[in-house]
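One structure is given here, and the rest of the page talks about it.
Here is the naming used below: chain letters follow the sequence lines, and residue numbers restart at 1 for every chain. Note that the structure is a prediction, hence the values are computed from the model and not measured. Both backbone and side-chain heavy atoms feed into the values below; hydrogens, waters and symmetry mates do not.
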Amino acid sequence: MKQFTSVHDVNNINALVAEALELKSSPYAFQELGKNKTIGLVFLNPSLRTRMSTQKAALNLGMNVMVLNIDKEGWALELQDGAVMNGTTVEHVREAAAVLGQYVDIIGVRSFPGLKNCDEDYTEQVFNKFVEYCGVPVVSLESATRHPLQSLADLITITELKTVNRPKVVLTWAPHIKALPQAVPNSFAEWMCKADVEFVITHPEGYELSEDFTQGATITHNQDEALTGADFIYVKNWSAYEPYGAVTGTHPEWMLNNEKLKATNDAKVMHCLPVRRNLELSDEILDGPNSVVIHEAGNRVWAAQVVLKQLLQSL
Amino acid sequence: MKQFTSVHDVNNINALVAEALELKSSPYAFQELGKNKTIGLVFLNPSLRTRMSTQKAALNLGMNVMVLNIDKEGWALELQDGAVMNGTTVEHVREAAAVLGQYVDIIGVRSFPGLKNCDEDYTEQVFNKFVEYCGVPVVSLESATRHPLQSLADLITITELKTVNRPKVVLTWAPHIKALPQAVPNSFAEWMCKADVEFVITHPEGYELSEDFTQGATITHNQDEALTGADFIYVKNWSAYEPYGAVTGTHPEWMLNNEKLKATNDAKVMHCLPVRRNLELSDEILDGPNSVVIHEAGNRVWAAQVVLKQLLQSL
Amino acid sequence: MKQFTSVHDVNNINALVAEALELKSSPYAFQELGKNKTIGLVFLNPSLRTRMSTQKAALNLGMNVMVLNIDKEGWALELQDGAVMNGTTVEHVREAAAVLGQYVDIIGVRSFPGLKNCDEDYTEQVFNKFVEYCGVPVVSLESATRHPLQSLADLITITELKTVNRPKVVLTWAPHIKALPQAVPNSFAEWMCKADVEFVITHPEGYELSEDFTQGATITHNQDEALTGADFIYVKNWSAYEPYGAVTGTHPEWMLNNEKLKATNDAKVMHCLPVRRNLELSDEILDGPNSVVIHEAGNRVWAAQVVLKQLLQSL
């Protein structure tokens with residue numbers, strides 16, 4: 001693997017999951033591989049799970065980790081080519097990325113969308129500039145349109161916990177008070193469309209995802225119908241793709257609760273976290289036996305570790 | 001040892017001090033013990049000594065360290081059970097703590113009191129939620145009511161430097177301009193009450209500590225009387241316990257200076273730091289031969305290291 | 001080497017450069033030297049290159065690294081001796097530095113000038129207090145008046161890339177919109193004055209550097225004349241030394257571009273970064289074949305590593 005920015009960088013997702021589960025059973029088996037190798041984790045936006053799980057994965061592989069909160073410890077980056085930098089930006093991403101690439105063997109980058117300009121976000125202008133200029137393999141720690149380490153951890157979790165050969169997996173929109181990115185649902189959708197699952201997406205009208213990510217999925221506005229017989233329910237809010245970044249309705253009735261679980265196949269409930277309790281998901285679900293959100297968060301380590309292992313092997 | 005949140009987690013404080021002093025003479029003797037073990041240091045409030053000394057202690061034991069400034073690098077945590085999270089909090093401590101526990105073997109947590117609501121602080125609502133939900137052993141890096149790593153370092157310092165078998169140790173209130181927590185004096189008091197010392201607390205009227213921490217101590221409002229014959233003087237400001245968090249008087253005459261040292265047994269002067277010079281303690285003391293505050297700060301490493309060693313041994 | 005705060009701490013700069021280049025070819029040859037040694041990197045101001053390159057250098061030597069952003073993670077330091085600390089400063093540098101010295105074997109400190117009070121900055125009041133009170137060897141990560149790790153990396157770069165025995169090196173002032181410190185040009189000047197190069201400084205009237213740093217340099221206000229026959233051009237903005245910290249003129253015509261390169265000996269263009277594109281340096285230079293700024297930034301690792309190696313050897 002030469003980079004990890006989406007499912008398209010993976011040859012065989014089932015083999016990748018199998019290898020991740022091997023690492024989970026022998027976390028320290030490849031410490032020679034990472035010896036004297038360094039990963040730089042560059043955060044343009046805050047992070048808890050991604051930071052800690054990727055750091056842990058790298059340490060398991062014997063790597064060194066350097067964390068840079070570029071927004072807090074660094075300075076404002078210029079992204080526009082040709083800009084006359086006589087304003088507030090202090091360094092161009094061309095230099096910042098290229099310099100970071102001098103100090104590390106692999107770079108992880110987190111960069112959220114602005115949710116103002118669809119084209120800017122969906123062409124991944126910030127993230128792709130790091131990829132273009134840093135000169136070393138890049139791992140996405142979540143970009144404007146995707147969160148592939150999360151999606152891989154989700155597939156690992158489904159593979160571990162499924163009780164039928166081809167489980168029904170339902171991605172359901174959930175209420176929120178803020179306009180959130182589409183990165184997690186986009187990414188989950190494109191991974192599930194390639195996985196051995198029956199994949200259904202359900203959301204209120206107006207919350208259609210970009211079709212680039214949902215080819216092959218069944219899409220419905222009827223949440224009850226979608227949940228019927230579900231083995232896994234993936235709960236997540238997102239803002240509208242059209243009009244871009246809009247909150248086109250609040251739909252509090254879309255919050256998952258135990259009542260809605262009744263029609264499922266005793267479905268396991270997933271969420272990428274952080275989750276707003278009693279807004280996206282009820283306490284009764286999160287504190288009940290169907291929630292697997294902590295287990296899922298734990299699998300972030302093995303998702304990151306298998307990716308870093310493959311990147312190290314191709315250095 | 002299964003956790004380290006107060007002196008009550010310690011079977012034998014003298015044995016713990018003796019073991020700490022052994023580690024001080026052989027800092028790297030137990031590096032196999034911490035191999036592939038990770039401690040997460042979670043700061044809800046700023047730290048210098050505690051962060052650096054605990055990190056150094058963990059490194060001495062061969063551990064990996066991950067630091068998370070959750071207030072700055074993360075987001076606002078919800079602490080209230082049952083909350084409908086439609087406001088400014090982004091993640092509930094139930095998830096945040098449980099997820100962190102997935103990535104580390106031991107968690108250190110620092111959480112200051114609000115000094116508004118005595119019951120909330122003295123039941124350690126924030127700190128105890130981490131203990132309850134993280135699923136791994138917790139070390140206090142200072143909580144609302146206690147700072148046990150500081151107190152252990154203090155006892156190590158007294159044990160090292162004492163010139164009589166049972167020294168007289170005086171905790172004296174000092175002036176300040178802000179309302180400070182009672183955590184350090186509470187904790188120091190409950191450790192000294194169990195140590196082989198003659199322990200005296202002196203403070204102006206109105207600054208009585210909670211009796212839960214001072215059983216067995218001699219308490220007086222007469223600073224001169226308290227200092228007479230003292231072998232160690234522990235200088236510290238704190239706000240009132242009743243009315244909770246109040247600054248009930250400034251009492252500049254309580255600042256320790258060389259004149260007040262005359263009645264002591266050439267007492268060594270301690271302070272947990274940071275110290276406000278010429279407000280809590282005069283320059284002449286801090287720059288003179290009686291101050292042991294830097295030596296005391298250095299002992300923070302061995303306090304942390306012996307605690308981490310015992311926690312590692314019980315994993 | 002006992003400390004590294006300026007070129008005056010170096011016996012033989014050519015031998016130091018040669019040793020740095022040996023480390024560049026065998027980065028991991030001295031990992032036993034740094035085993036169980038810790039460097040603390042203390043930032044009173046933000047950093048990207050210096051933080052990452054020094055961390056990488058320390059890791060290459062087998063050291064542990066602890067980073068402290070004292071302005072963000074810590075609190076305001078008092079610098080004035082004798083101060084009654086009843087204001088906003090929480091800890092005196094005497095204690096802060098001495099305590100840090102308890103936890104690490106070497107300290108790196110970054111402290112920018114205020115650019116208000118020349119005497120305060122040029123006597124290095126902040127930086128020197130760390131040196132005085134920390135009790136361990138100090139590496140400058142840039143102080144008010146010097147940036148010696150940058151200058152050493154610059155000399156390494158010139159030594160690697162020169163095509164004539166005694167290259168002509170020109171330090172040229174560049175336009176900017178802010179008042180910048182004189183640390184980089186001061187430091188570059190005092191290193192170049194000791195190096196085997198023909199050294200010329202050119203700047204508009206009013207931007208004279210302190211003579212303490214430029215003894216032996218040719219100084220001219222005629223940029224064209226200075227650039228003629230140049231082998232290396234070091235581009236940098238700085239504010240006036242007299243009146244201290246002033247921006248006495250903007251001089252947009254001083255920006256380097258390809259036209260100005262024509263009179264040079266196909267000069268290599270250097271800059272310490274961050275650089276403001278199309279203000280200090282044109283895109284055509286930075287994206288063209290003459291720019292060596294990324295290579296130069298990469299050499300920051302070997303500059304830091306040779307200095308840390310020598311400090312470790314003298315512990």
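The contact between I294(A) and chain B is made by backbone and side chain atoms together, counting heavy-atom distances below 4.5 Å. Heavy atoms of A98(B) lying under 4.5 Å from chain A belong to its backbone as well as its side chain.
A pairwise comparison of heavy atoms in V65(B) and Q55(A) identifies O-NE2, 3.9 Å as the closest pair.
Within residues 298-310 of chain A, the residues approaching chain B closer than 4.5 Å by heavy atoms are, in numerical order, G298(A), R300(A), V301(A). Listed in order of number, the residues of residues 278-289 of chain A that approach chain B to under 4.5 Å between heavy atoms are N278(A), L279(A), D283(A), L286(A), D287(A). Within residues 24-38 of chain B, the residues having any heavy atom less than 4.5 Å from a heavy atom of chain A are, in residue-number order, K35(B), N36(B), T38(B). Scanning residues 102-135 of chain B against chain A with a 4.5 Å heavy-atom cutoff picks out Q102(B), Y103(B), D105(B), ordered by number.
We find the CG-CZ distance between L100(B) and R49(A) to be 8.5 Å, quoted to the nearest 0.5 Å.
Exactly one of V42(B), I70(B), V90(B) qualifies for a side chain to side chain contact (heavy atoms under 4.5 Å, CB included) with L48(A). That residue is I70(B).
Ion pair R276(A)/E78(B) not flagged as a salt bridge, since none of the NZ, NE, NH1 or NH2 atoms sits closer than 4.0 Å to an Asp/Glu carboxylate oxygen.
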TODO: List the steps and the verdict of side-chain contact (heavy atoms from CB on, under 4.5 Å) for R94(B) and R277(A).
DONE: CA-CA 10 Å; R94(B) 285 173 178 249; R277(A) 283 177 168 250; 3.5 Å; yes

